[in-house]
Each structure stands twice: as C-alpha cells, then as structure tokens.
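Have a look at the structure below before the remarks.
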Amino acid sequence: MSREVSTMQNIRSLFIALAGITVFAAMALFTVSITLAVGAILTVLMAARAISLRMKPAPVHAKAKTNGQREMRIWNDGRGTIIDL
C-alpha cells in the first residue's frame, strides 16, 4: 500500500511541477510580447515625431528699406507673412 501512495504522490508532484513550468512559460511569453509591443509603439512615435519636426517650416527673415523712412521688417513665421511698418 505504501508503494501505491508513493506512486500517486510522485505523479501528483510531477503534475504540479509541469503546471508550474507551464504557468512560468506563459508569463514569460506574455512579458516578452508586451515588451515588444510597447517598443514598437515607441519606435513608431519617435519616427513620426522626427519626421514632423523635420518638415516644420523655418521662419524666413527679410528686410525691405523704404525711401528715407524707418526700415520695414517682413518675415514669415510659418503661419503667415508678418510686415512690421
């Protein structure tokens, strides 16, 4: 009878060990997939920001002189032309 109990305990211990390994593997896989997803999202956001900053128009400064008067300043700030009389 003690052999039967011992065999059952061994089978139960093996089952518990396999269940623990399976849970650990599933948690590890979930962690890796979440890490890769967050990394991909951050990479896309950083690339989009780099492209949008590069495409931003730079202000163009220009000066126009009038006859005997104070110089007139004209520039474009990217949203429209500004004329300072």
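Not measured: the values here are computed from a predicted model.
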Transitively linked via ILVMFWY side-chain contacts under 4.5 Å: Phe30 with Val38? yes
Rounded to the nearest 0.5 Å, what separation is found between the [atom1] atom of [X] and the [atom2] atom of [Y]?
X: Gln9; Y: Leu14; atom1: CD; atom2: CG; answer: 13.5 Å
X: Met8; Y: Asn10; atom1: CE; atom2: CG; answer: 10.5 Å
X: Leu36; Y: Ile41; atom1: CG; atom2: CD1; answer: 11.0 Å
X: Ile16; Y: Ile21; atom1: CD1; atom2: CD1; answer: 12.5 Å

